[in-house]
Trainee: 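First the structure, then my questions, so here it is.
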Amino acid sequence: MNDATPRTPHVETKLPAVGTTIFTVMSTLAAEKGAVNLGQGFPDFDCDPKLVQAVTDAMTRGLNQYPPMTGVPALRDAVAAKIEAMYGRKYDPAAEITITAGATQAIITAVLAVVRPGDEVIVLEPCYDSYVPNIELAGGTVVRVPLVPGTFRPDFDKIAAALNPKTRAILVNTPHNPSATVWTREEMLRLQDLLAPTDTLLISDEVYEHMVFDGQQHQSAACFPGLAARAFIVSSFGKTYHVTGWKVGYVAAPASLTAEFRKVHQFNVFTVNTPVQHALASYMADPQPYLQLPAFYQRKRDLFREGLKRTKFRVLPSEGSYFQCVDISAVSKLGEADFCKWLTTEIGVAAIPLSAFYGNGFDQHVVRFCFAKKEETLNTAIERLAKL
Ligand SMILES: Cc1ncc(COP(=O)(O)O)c(C=O)c1O
């Protein structure tokens, strides 16, 4: 008989660089200190009660069992109709649209479906924190290309220099988290030209597609035939309908790419919860909620930017998304991360350092605030920041 103490076998980590994210660190600190949390990107207001009622109705009607693997047909139809109306490209809801458990699952599923060991994948830094671990889990090699420091515009010479026959995919995010830049039509055309002679796929993270300001238009990859033909276009109902906790999104991609995507999707989540899908399908019949979203968030952005004029921060442009970046140089000599901890603890407002979105922790004295908050929350934050 073996009476040795049971022992959990050692596991060599697959993701040595991954620890607790700065978002969790800052949210925990904000809660501890009673700070206004403008760090993590989520609304502090509720969604349309009609949407909640639609979920209740679906559950009451007994729509509680597995939906089709690819998503409820009515929701795939609604997504295809929306993309056609907004961007003029027709996707076949049966073969080219898949409902996912948020954009996060959509992105990792696309990466796992197409990236093999030895493949290179380009990310444009600063970038959303799931991209790099996703590529590493697939065995791919991460190729980091910086957006231009200061303006956060794409640097096409550097992208061109990074592209080579091993480049399986490039991840692009517009409107952009964290910098709040929005790619122009000219920039999308440049990308299309660069990728045209290659076999590189595009994973186009468009979760903030309905938050673009000052009359500018979101340039979806769906608008550009040469991009759409090679793209997994990812969006998130969480962002669009103020329901980040529901974790439902979608992917639109040509049939051959969708077929590969679904092979992985089938065995990592299989499908996404039924009543929310039915609710979203009926709610999408009215385009007004997403058509009014730019004006809704532009008001919040303007209120926040107006308030920031009372501080010594240099306020950077915010063209889209629900983020506002500021340069802290005139306020503090601390590094970004230390500044954010100090700001949370001493001033009572949480922000996120941009260095968290770079592999090498590049510090340019810029921090990110999220303005997806009630007016009163933004006003309280401004009152506190005005003391700086
Ligand atoms: C750029 C970007 N991509 C993807 C996501 C994830 O979206 P979801 O909550 O639908 O998984 C986020 C959420 O913050 C994001 O900012």
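Everything quoted here is computed from the prediction, not taken from an experiment. All ligand and atom numbering here is 1-based and tracks the order in the structure.
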Trainee: Going by the salt bridge (charged side-chain N to carboxylate O under 4.0 Å, His left out) test, which pairs reach into residues 142-154, not counting sequence neighbours?
Mentor: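 Qualifying pairs: Glu125-Arg144, Arg153-Glu187, Arg153-Glu319.
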Trainee: For this output row, return yes or no: ring centroids of Phe23 and Phe357 closer than 6.0 angstrom.
Mentor: yes
Trainee: Under the rule for side-chain contact (heavy atoms from CB on, under 4.5 Å), what residues qualify as partners of Ala259, not counting sequence neighbours?
Mentor: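 Residues passing side-chain contact (heavy atoms from CB on, under 4.5 Å) with Ala259: none at all.
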Trainee: Determine, for Arg368 against Glu336, whether the closest basic-nitrogen to carboxylate-oxygen distance falls under 4.0 angstrom.
Mentor: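 Not counted as a salt bridge, because no side-chain N and carboxylate O are separated by less than 4.0 Å.
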Trainee: Taking only residues two or more places apart in sequence or in another chain, which ones pass side-chain hydrogen bond (donor to acceptor under 3.5 Å, both in side chains) with Thr141?
Mentor: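 None.
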Trainee: Here's one to test your reading of the geometry: is the NZ or CZ of Lys82 within 45 degrees of the ring axis of Tyr290 and under 6.0 Å from its centre?
Mentor: yes
Trainee: Contact residues of ligand 1 with a heavy-atom cut-off of under 4.0 Å?
Mentor: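 The 4.0 Å shell around ligand 1 contains Gly102, Ala103, Thr104, Tyr128, Asn173, Asn177, Asp205, Val207, Tyr208, Ser236, Lys239, Lys247.
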